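Input: a single structure, listed below in structure tokens.
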Amino acid sequence: MCIARSLQEFATVLRNLEDERIRMIENASEVLITPLEKFRKEQIGAAKEAKKKYDKETEKYCGVLEKHLNLSSKKKESQLQEADSQVDLVRQHFYEVSLEYVFKVQEVQERKMFEFVEPLLAFLQGLFTFYHHGYELAKDFGDFKTQLTISIQNTRNRFEGTRSEVESLMKKMKENPLEHKTISPYTMEGYLYVQEKRHFGTSWVKHYCTYQRDSKQITMVPFDQKSGGKGGEDESVILKSCTRRKTDSIEKRFCFDVEAVDRPGVITMQALSEEDRRLWMEAMDGREPVYNSNKDSQSEGTAQLDSIGFSIIRKCIHAVETRGINEQGLYRIVGVNSRVQKLLSVLMDPKTASEAETDICAEWEIKTITSALKTYLRMLPGPLMMYQFQRSFIKAAKLENQESRVSEIHSLVHRLPEKNRQMLQLLMNHLANVANNHKQNLMTVANLGVVFGPTLLRPQEETVAAIMDIKFQNIVIEILIENHEKIFNTVPDMPLTNAQLHLSRKKSSDSKPPSCSERPLTLFHTMQSAEKQEQRNSIINSSLESVVSSNANSILNSSSSLQPNMNSSDPDLDVLKPTRPNSLTPFRKAKALYACKAEHDSELSFTAGTVFDNVHPSQEPGWLEGTLNGKTGLIPENYVEFF
């Protein structure tokens, strides 16, 4: 607003100044140029004509005089007298012309003194008027200029004062881009390349596209890279369906097809990356492509929980358990997409799928088989644990008591349809076997939860709340793996009444510590090991996307090796468990793992790496008491480590 107002004021001043300048120029033509032009034509022009006449008469007189002087004295007297009278006439005429020329030159010289100087004076008067007008404008502009100067200085001071804060925010956004997404009215927006048919073939045109899930409206704005702006008219269509494009069906990568209600044909679009395509397809409720044409058995090539689906999963599990149960990064390292699609097309072929005794050939790599299993589960019409139970499973994972969580999940599993429960049991039995070999394959229960949580328990809509609940999806999968025998082989107890559930949640709410504004993902104070919670948060923040990342092996080596199964009784793993203070452990020093801003006077504000003295247990659950710079206050227990 300040910039707009200042530009308006600048424009007003410049416009008034320019108007006065135009008037000065127009007046100059009238008071200076026209009079001088008239003086030149009338006075100087007449003087030039007089000079021409004078020169002509001079030449004539000189010629007659020279001829007269050459007459011989022997001529007759009458002839000589006639010649003398002729010379006198020419001399008289020459004398008159000379006087007229001198008179005209003298007149021009006299007129020049006022007819030339006077227009210049008038022009200078107009010029002084123009400058005086500018001076008046500058005086009127003075107050606004003073205010604007003060505002500019204040803005500069604020910039210098907030620059460090903005730089700090930039670093946070670089470290955690998902936590600082821009709030947008659109479900999804960004650049896409749209395939357009031309007379000479096809071309890919860059568009800025937006999608609104409620109205299913896609808006495409052509983007000209050279000019950096809009390159054509907007186009809006209503989404009918979205399908991922098979890799072997098009030369371009990251493509998907969109069908519109109000436009014939298929619109082929190219995303900027595999992750970008996944986000667009999730926003548009995209589907996987059809892998075969058998409409009777596999519902036009989509995954189903039928005999073929169970056969595919059993074959994949059998191949993994017989050939690759000890392979490092199992289920975390992904296979080549084209190979995965080819294997799925073979497995989903009704001719081979019906042959239960046929195993997967040894030519297929284990990572290709595991990726095919996960892809088939994602291809199901809905997640294996169903959309309608997703919130219930999340709520169960948030219960305070471990026994209550297991009991509630046990009850929810038995509410699933029979085929879903059978497939889930088959999968959990297999994942338990994988976790039992975690020393070799490095896939602990926690790591398997990260891999399968988003697949088996994905939400119907990708909201901020759903993103925050990702860690609880993983916890549900961990509970299913750790308690698979009890959950699937026994009948659940009577479910808790509403009053009991309310009491359990109330206890959970009462026992959790006060939150800090910058607290990490640990949102609930539970009875689990703090180290396990921190490690789970670390996996969620750093490795969630590694399930579909081509460089998952490097991530596995850097993070999975630090994720032992905390439920294991192996004594060699005890060295990884941090010691927490209790009434019998008088720790003296602790170092902050994260930054925290105090929300109450009794709490301490600190940054990561801060060292506290005299740290000891507090009467507040989940909080410690320590000293920082001579001040004693409360410190969140999950924020520090002791030394």
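In what follows, residues are counted from 1 in the order of the sequence shown. Heavy-atom basis, side chains included; hydrogens, waters and symmetry copies ignored. Since we're looking at a predicted model, the values are computed, not measured.
- A distance of 12.5 Å separates CZ of Phe472 from CG of Leu457, quoted to the nearest 0.5 Å.
- Proximity of Leu373 to Leu377: side-chain heavy atoms (C-beta onward) are separated by under 4.5 Å at one or more points.
- Counting heavy-atom neighbours within 6.0 Å of Glu321 CD, excluding the residue itself, gives a total above 12.
- At least one side-chain heavy atom of Arg323 sits under 4.5 Å from a side-chain heavy atom of Ile369.
- Two residues are said to be in side-chain contact when any heavy atoms from C-beta on lie closer than 4.5 Å; Asn483 and His410 fail this criterion.
- Formation of a donor-acceptor pair under 3.5 Å by the Tyr186 side chain with backbone atoms of Arg213 is not found in this model.
- Formation of a donor-acceptor pair under 3.5 Å by the Arg405 side chain with backbone atoms of Glu400 is found in this model.
- Counting heavy-atom neighbours within 6.0 Å of Arg391 CZ, excluding the residue itself, gives a total above 12.
- Counting all heavy atoms, side chain and backbone alike, Ser371 lies closest to Val340 at CB-CG2, 3.6 Å.
- Looking at residues two or more places apart in sequence or on another chain, you find no salt bridge (Lys or Arg N to Asp or Glu O under 4.0 Å) involving Arg253.
- Smallest separation of non-hydrogen atoms from Leu347 and Cys316: CD1-SG, 4.0 Å.
- Here His318 pairs with nothing under the ring-ring contact (aromatic ring centres under 6.0 Å, His included) rule; sequence neighbours left out.
- Arg245 places no side-chain N or O within 3.5 Å of a backbone atom of Asp257 that could act as its donor or acceptor partner.
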Checklist entry - Gln460 and Asp285: side-chain hydrogen bond (donor to acceptor under 3.5 Å, both in side chains), yes or no, with the steps? => result CA-CA 9 Å; Gln460 196 161 10; Asp285 299 322; over 6 Å; no
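- The aromatic rings of Phe606 and Phe612 sit perpendicular to each other, their planes meeting at more than 60°, with 30° as the lower class boundary.
- Scored by the side-chain hydrogen bond (donor to acceptor under 3.5 Å, both in side chains) test, Glu259 finds Ser241 as partners (sequence neighbours excluded).
- Note that the CG atom of Leu384 and the CZ atom of Arg378 stand 13.5 Å from one another [nearest 0.5 Å].
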Next on the checklist: Between Leu426 and His430, does the side-chain contact (heavy atoms from CB on, under 4.5 Å) criterion hold? Intermediate values first, please.
Outcome noted: CA-CA 6 Å; Leu426 179 66; His430 167 61; over 6 Å; no
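- Looking at every heavy atom in both residues, Ala466 comes nearest to Gln473 through O-NE2, 4.4 Å.
- Qualifying side-chain hydrogen bond (donor to acceptor under 3.5 Å, both in side chains) partners for Glu175, counting only residues two or more places apart in sequence or in other chains: none.
- Contact between Met281 and Thr243 at its shortest, heavy atoms only, is CE-C, 4.1 Å.
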Item to check | Leu424/Met385 under side-chain contact (heavy atoms from CB on, under 4.5 Å): CA gap, chis, key distance, verdict | outcome: CA-CA 8 Å; Leu424 189 62; Met385 298 172 73; 4.1 Å; yes
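- Contact detail for Asn441 and Glu327: the closest heavy-atom pair is CB-O, 3.2 Å.
- In this structure, Asn474 CG and Asp469 CG are separated by 11.0 Å, a value rounded to the nearest 0.5 Å.
- Two residues are said to be in side-chain contact when any heavy atoms from C-beta on lie closer than 4.5 Å; Leu427 and Phe452 meet this criterion.
- Residues Asn447 and Leu442 have side chains not in contact (no heavy-atom distance under 4.5 Å, counting atoms from C-beta outward).
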Next on the checklist: Quick one, Lys398 with Ile475, criterion side-chain contact (heavy atoms from CB on, under 4.5 Å). Give me CA distance, side-chain angles, the key distance, then yes/no.
Outcome noted: CA-CA 9 Å; Lys398 292 180 179 180; Ile475 292 173; over 6 Å; no
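- Put simply, CE on Met348 and CE on Met379 are 4.0 Å apart, with the number rounded to the nearest 0.5 Å.
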Checklist entry - Should Glu274 and Arg278 be marked as a salt bridge (Lys or Arg N to Asp or Glu O under 4.0 Å) after you check the CA-CA gap, both sets of side-chain angles, and the distance that decides it? => result CA-CA 6 Å; Glu274 185 65 40; Arg278 183 185 69 82; over 6 Å; no
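- Listed for the Thr370 side chain is a donor-acceptor partner under 3.5 Å among the backbone atoms of Ile366.
- Residues Leu456 and Met428 are in side-chain contact: their nearest non-hydrogen atoms beyond the backbone lie under 4.5 Å apart.
- Distance check: Leu624 CG to His616 NE2 gives 9.0 Å after rounding to the nearest 0.5 Å.
- A donor-acceptor pair is defined here as one N or O able to donate and one able to accept, closer than 3.5 Å; no such pair exists between the side chain of His414 and the backbone of Arg421.
- Judged by distance alone, the side chain of Ser345 and the main-chain N or O of Lys342 form a donor-acceptor pair under 3.5 Å.
- Closest of all the heavy-atom pairs between Met269 and Leu192 is SD-CD1, 3.6 Å.
- The environment of Tyr387 atom OH is dense: over 12 non-hydrogen atoms of other residues, nucleotides or ligands sit within 6.0 angstrom.
- Checked against side-chain hydrogen bond (donor to acceptor under 3.5 Å, both in side chains), Asn420 has no partners two or more places apart in sequence or in another chain.
- Evaluation of the side-chain hydrogen bond (donor to acceptor under 3.5 Å, both in side chains) rule for Arg458 yields no partner, not counting sequence neighbours.
- Side-chain contact between Tyr211 and Lys216 is present, with heavy atoms from C-beta onward closer than 4.5 Å.
- Side-chain contact between Val451 and Met443 is present, with heavy atoms from C-beta onward closer than 4.5 Å.
- Here the straight-line distance linking atom CD1 of Ile317 with atom CG of Asn433 works out to 9.0 Å at 0.5 Å rounding.
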Next on the checklist: Run the side-chain contact (heavy atoms from CB on, under 4.5 Å) test on Val336 and Thr368 for me, step by step, so that the C-alpha distance in whole Å, both residues' side-chain angles and the decisive distance to 0.1 Å come before the verdict.
Outcome noted: CA-CA 7 Å; Val336 179; Thr368 303; 5.9 Å; no
